[in-house]
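Reading through the structure tokens given below for one structure.
Each ligand, and each atom within it, is numbered from 1 in the order the structure gives. All values derive from a computational prediction rather than experimental measurement. Worth knowing before you read on, the calculation uses all heavy atoms, side chains too, and leaves out hydrogens, waters and symmetry mates. Index from 1, following the sequence.
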Amino acid sequence: MKAKYTLPRGTYDILPQESWKWKIIKTAFQKTASLFSYQEIVTPIFEQAALFERSVGDTSDIIQKEMYKFEDKKGRQFALRPEGTASVVRSVVEHNLLQQEQQQKLYYMGPMFRYDRPQKGRYRQFYQYGIELLGSNHPYYDAEVVAFADLFLRKLGLRNFQLEINSIGCNNCSQDFDKALIEYFLPHEKLLCQDCRLRLNKNPKRILDCKVPSCKKIAQEAPSMLDYLDSECATHFKKVQEYLNTLEIPYIVNPKIVRGLDYYTQTAFEFTDSNLGAQSTLIGGGRYNKLVSELGGKDVAGIGFAGGFERLLLSLESEKLLSREAYDLDIFVVIAGENLELHAIELIHFLRKNSFSTDFAFEKKSVRAQMKAADKSNAKYVLLLGEEELKEDKIVVRKLQSGVQTTLAKNNLISFLRNDESR
Ligand code: HAM
């Protein structure tokens, strides 16, 4: 039967047979967050549109063409969040969190929305994991934030990724660099794509990471930001590299990394997996030392990163790094005999109260049909309850995979299950 209603373009469902893969990523991210002492923050999926316009920047693709903006019933402009950093900073400023603690180390996970042309690894609703560290401009933290991303990917088993870093300087160094870029690109203006021609006046750095082949070719010989860093930014960048060396994190310096959002200052970085094709950036991040004050807070520095679940899954799948846990369920209860249902219900509830995940095919009467359901459930044990066993207060415990079974006194069931070595 053809479904009457279908998914919006660029979105997808995470079906039960796939959701375990998402859980692996979520768990690994949460574990890494606790290793680095980050706390979770949850913000709304929609915010005032002006928040993103101000922070992500009017010349960015996100604001120019990708934001899901809407008017509410009172004519106020809202937007589905295209990213998490602006919302986190808004929340930290609004709740004065930096007054309570001078540093905030926060992590988040959730859906983001960008109206872009969908393709492999690019969706209109996608899921990001990310962190933000607010309250320090020390270069050690640039390295620590990168180390977080690196350890997270490694914990999942990935090895074939590259880390590229750059410094895009501060407002002070940007001015001369922008001038140099305009001078360099102006004679080639006609050969640039339409977007880059606009960028030339508004934000020439963005031409450096344009993916259009003709722009890429022209950009090859463009001036390098690293030659325009003032002494403070140059020292900062050098220190970041020293810390990364100490942490033994491999990286390459790529002066073409500029990132697509306007709030960045100084360190910018990307983790890429070249096997992913056009959408190869697993994680992108950087420092944003002016964002907190631009959003009404104190003059406080910040740094963070975010990555998409979808691309990470593609990477993990292509390297065959995802394996389901051996068992989905501890116990499946099967009854053989009339009128045993109530005993089964009692037993199931007892097992659940003792923290064993348990299921039962309530509406299947025959043992055969119940055993089929047990097989499908991928449980570790089947508990068989028959009239005979019930009379003697016993129960049969069968290991589903090997078929090996023992009959136990019901009183000993929990201690048997707890002590069974291979659990
Ligand atoms: P971003 O580079 O726009 O940065 O996105 C970060 C990551 O989100 C990308 O590297 C990619 O893995 C994923 N992503 C972005 N757009 C899509 C899409 N349409 N479909 C699937 N995945 C996507 C930010 O969002 C910044 N807020 C990162 C940050 C945090 N910088 C500092 N703190």
For the pair Phe237 and Asp142, evaluate side-chain contact (heavy atoms from CB on, under 4.5 Å) and give the outcome as yes or no after the intermediate values. CA-CA 9 Å; Phe237 193 44; Asp142 302 45; over 6 Å; no
I would like to know whether Arg311 and Phe126 meet side-chain contact (heavy atoms from CB on, under 4.5 Å); could you show each step before the answer? CA-CA 10 Å; Arg311 294 180 196 181; Phe126 58 101; over 6 Å; no
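The residues Glu325 and Lys23 are annotated as not salt-bridged, no charged nitrogen and carboxylate oxygen being separated by less than 4.0 angstrom. The residues Arg199 and Asp61 are annotated as salt-bridged, a charged nitrogen and a carboxylate oxygen being separated by less than 4.0 angstrom. At a threshold of 4.0 Å, the pair Lys290-Glu294 does not count as salt-bridged, since none of the basic side-chain nitrogens sits closer than that to a carboxylate oxygen. With respect to the salt-bridge test (charged N to carboxylate O, under 4.0 angstrom), the residues Asp178 and Lys205 qualify.
With rounding to the nearest 0.5 Å, the separation of CZ in Phe52 from OG in Ser87 is 4.0 Å.
Ring pair Phe148/Phe29: centre-to-centre distance below 6.0 Å.
For ligand 1, the atoms sitting less than 4.0 Å from at least one non-hydrogen atom of Gly284 are 10 (O), 28 (C), 29 (C), numbered in the order shown with element in parentheses. For ligand 1, the atoms lying closer than 4.0 Å to a non-hydrogen atom of Leu282 are 10 (O), 12 (O).
Atom 21 (C) of ligand 1 has its closest protein heavy atom at Gly121 O, 3.2 Å. Of all protein heavy atoms, the one closest to atom 13 (C) of ligand 1 is Gly308 N, 3.6 Å. The nearest heavy-atom contact from the protein to atom 19 (N) of ligand 1 is Tyr123 O, 2.9 Å. When only non-hydrogen protein atoms are considered, atom 26 (C) of ligand 1 lies nearest to Tyr263 OH, 3.3 Å. For atom 11 (C) of ligand 1, the closest non-hydrogen atom on the protein side is Arg311 NH1, 3.4 Å. The shortest contact between atom 10 (O) of ligand 1 and any protein heavy atom is with Thr281 O, 3.3 Å. Here the protein heavy atom with the shortest distance to atom 32 (C) of ligand 1 is Gly304 O, 3.2 Å.
Considering backbone and side-chain atoms alike, Ala306 places every N or O at 3.5 Å or more from each N or O of ligand 1. Annotation: Glu132 places an N or O atom under 3.5 Å from an N or O atom of ligand 1; distance criterion only. Among the atoms of Gly84, none of the N or O lies under 3.5 angstrom from an N or O of ligand 1.
No donor-acceptor contact under 3.5 angstrom links the side chains of Gln128 and Glu83, judged on distance only. Residues Ser315 and Asp273 have side chains that bring a donor and an acceptor to within less than 3.5 angstrom of each other. Between the side chains of Gln77 and Gln48, no donor-acceptor pair of N or O atoms lies under 3.5 Å. Defined by atom type and a distance below 3.5 Å, a donor-acceptor pair is present between the side-chain atoms of Tyr288 and Glu132.
Ring pair Trp22/Tyr12 is tilted by interplanar angle, where 30° to 60° counts as tilted.
Contact analysis leaves Asp116 out of contact with ligand 1, as no non-hydrogen atom separation drops below 4.0 angstrom. The closest approach between Gly285 and ligand 1 falls below 4.0 Å for a heavy atom of the residue. Put simply, no part of Glu270 is less than 4.0 Å from ligand 1, judged by heavy atoms. Under a 4.0 Å heavy-atom criterion, Tyr127 is not in contact with ligand 1. For the ligand labelled ligand 1, residue Gly260 lies outside the 4.0 Å heavy-atom shell.
Which of Phe271, Phe309, Phe126 comes nearest to atom 17 (C) of ligand 1 through a heavy atom is settled by distance: it is Phe126. Here atom 25 (O) of ligand 1 lies nearest to Gln128 when heavy atoms of Gln128, Arg117, Gln119 are compared. With Phe305, Tyr264, Tyr288 as candidates, the residue nearest to atom 31 (N) of ligand 1 on a non-hydrogen basis is Tyr264. Of the listed residues (Glu83, Arg259, Glu310), the one carrying the non-hydrogen atom nearest atom 4 (O) of ligand 1 is Arg259.
At a 4.0 Å heavy-atom cut-off, ligand 1 does not touch Arg124 at all.
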